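A short worksheet on the structure shown next.
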2 protein chains.
Amino acid sequence: MGDVATHRRDELLAAAEELFARRGFQATSVREIADAMNIQAGSLYAHIETKEDLLWEILTAAADRFFDAINPVVGSDLVTIEKLRRAIAAHVGVITNSVKSAAVYSTEWRHLTEPHRSEFAARRDEYEKLFRSMVREAIREGALGDVDEKFATLLILSSINWIYQWYSPEGPMTPEDIARRITDLLLNGLRRAGT
Amino acid sequence: MGDVATHRRDELLAAAEELFARRGFQATSVREIADAMNIQAGSLYAHIETKEDLLWEILTAAADRFFDAINPVVGSDLVTIEKLRRAIAAHVGVITNSVKSAAVYSTEWRHLTEPHRSEFAARRDEYEKLFRSMVREAIREGALGDVDEKFATLLILSSINWIYQWYSPEGPMTPEDIARRITDLLLNGLRRAGT
DNA sequence: TTGCCTACCTAGCGCTTGTTAGGTAAACTT
DNA sequence: AAGTTTACCTAACAAGCGCTAGGTAGGCAA
């Protein structure tokens, strides 16, 4: 498979991703994906085996980016609270770098069938565990309050995951702004200090 | 339409809601909904005009419950920060009272077609505005810090909306527990006080 | 020049979809 | 008893779905 083929396949994945993010996997037909490529539906099968291949590749590529971003943070020697800050920033960076990818990652995985679905669930759990470990450690060190570690982890992840619903590169905030603000709000709270 | 018909229609909406929450609107066929009712697909049309009717009714019923819960809080004479606390608790109460309904409310609205889709978007915006007003007021009164009101509002709503993804009536936390914890975390932050 | 490969084409195929239309048993009303 | 209504039945219908198979133009290699 040469560069042209790889390029076309990337184009195909990008078209599929955009449509899956906007309409949902099930509501998107292979004919619509082919239309976006200016080819016929039958032609897609020169690049893929099944429609689900597209979803699987989009989801595993997104998962790879999340892990690639967070692993250096987890493996660093930073104090735990700073690790947590950096991990949030890394996650936000991945989301803002590809909002559509993040949207598909959050919402379309349930359309996977076995064995892909279990594999994806295992990866997502693994990723969540990385955050949960940092939270547990930060609680143990006294950097975080006496909060339920699972609850706190879910709060953090759900707060940063909704960013794909509103972030726009054209918006006023940079990804760094967003990461800093959301980390401050999560760690320090919305309340005015001293009240 | 008598009690029996109303009962059957409620049963139909409940079956549809359960399947839409678990599989998604598009991935759920009217045959599957009919199967859940022990009737044939064609029989559904004695109760509904179209498949979308089901989604529309589920979503508008959910929106009604959110507004019914929050309007008394908004119209009360409480200080704003206490209003916000109560509004969050009211929202959490609606979610925990019907997790499936909340799931459909959060994820399936995009399968609505016009004019339902615009109507739904308008209602959701109206609801968000109620929260945003309280946040703006709390910032103005100094109860909340110098945070972006839109950002803070989105943080609050997204944090409480993910509850449908993990809450179970069989779980260890009551809805009141959850509401208190999440409000504390959002207002006071995850960080240990004094650090 | 010939043969091979690739990325597309067309033309389906078998299946599923949402929905409709005519029918009917049972319950209810007159 | 007769007529009406309701909630279901069956049997489609038309459209769209994911995918396959045979074909081909163009590019490339021998």
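This one's a predicted model, so the numbers in the text were calculated from it and none came from an experiment. Quick note on labels: first sequence line is chain A, next is B, and so on, each numbered from 1.
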Open item on the list: Can you measure A:L54 atom CG to D:dC17 atom C1' for me and round it to whole angstrom units?
Closed with: 15 Å
- [ ] Answer yes if B:V79 and B:F131 sit in the same cluster of Ile, Leu, Val, Met, Phe, Trp and Tyr residues linked by side chain heavy atoms under 4.5 Å apart, and no otherwise.
- [x] yes
- [ ] Kindly compute the distance separating CG (A:L155) from CG (B:L190), expressed to the nearest 0.5 Å.
- [x] 5.5 Å
Open item on the list: Output the rounded distance in Å from NE2 (A:H47) to C1' (C:dC8).
Closed with: 8 Å
TODO: Output the residues of residues 30-40 of chain B in contact with DNA chain C, where contact means a heavy atom of the residue under 4.0 Å from an atom of the strand; sort by number or write none.
DONE: B:V30, B:R31
TODO: Could you tell me the separation between the NZ atom of A:K51 and the P atom of D:dC17, rounded to a whole number of Å?
DONE: 9 Å
Open item on the list: Classify B:S43 by what it touches in the nucleic acid, base, sugar-phosphate, or nothing, heavy-atom distance under 4.0 Å.
Closed with: base
Pairs of donor and acceptor atoms involving the side chains of residues 100-107 of chain B, under 3.5 Å and at least two apart or interchain, shall be tabulated with distances.
from   : atom 1 : to     : atom 2 : distance (Å)
B:S101 : OG     : B:R65  : NH2    : 2.6
B:S106 : OG     : B:A102 : O      : 3.2
B:T107 : OG1    : B:A103 : O      : 2.9

Task: Separation of atom NE2 in B:H111 from atom P in C:dG18, rounded to whole Å - done: 13 Å
Task: Donor-acceptor contact below 3.5 Å, side chain A:K83 vs main chain A:V74 - done: yes
- [ ] In whole angstrom, give the distance that lies between atom CD of B:E52 and atom C1' of C:dT17.
- [x] 16 Å
Open item on the list: Using 30° and 60° as the class boundaries, would you call the ring planes of B:W109 and B:F120 parallel, tilted or perpendicular?
Closed with: parallel
Task: d(OH, B:Y45; P, C:dT20) in whole Å - done: 7 Å
TODO: Give the rounded distance in Å between these two atoms: CZ of B:R8 and C1' of D:dC9.
DONE: 13 Å
TODO: Starting from P on C:dA7, measure out to CD1 on A:I48 and report it in whole angstrom.
DONE: 14 Å
TODO: Give, ordered by number, those residues of residues 16-28 of chain A having at least one heavy-atom distance below 4.0 Å to an atom of DNA chain C; if nothing qualifies, reply none.
DONE: none
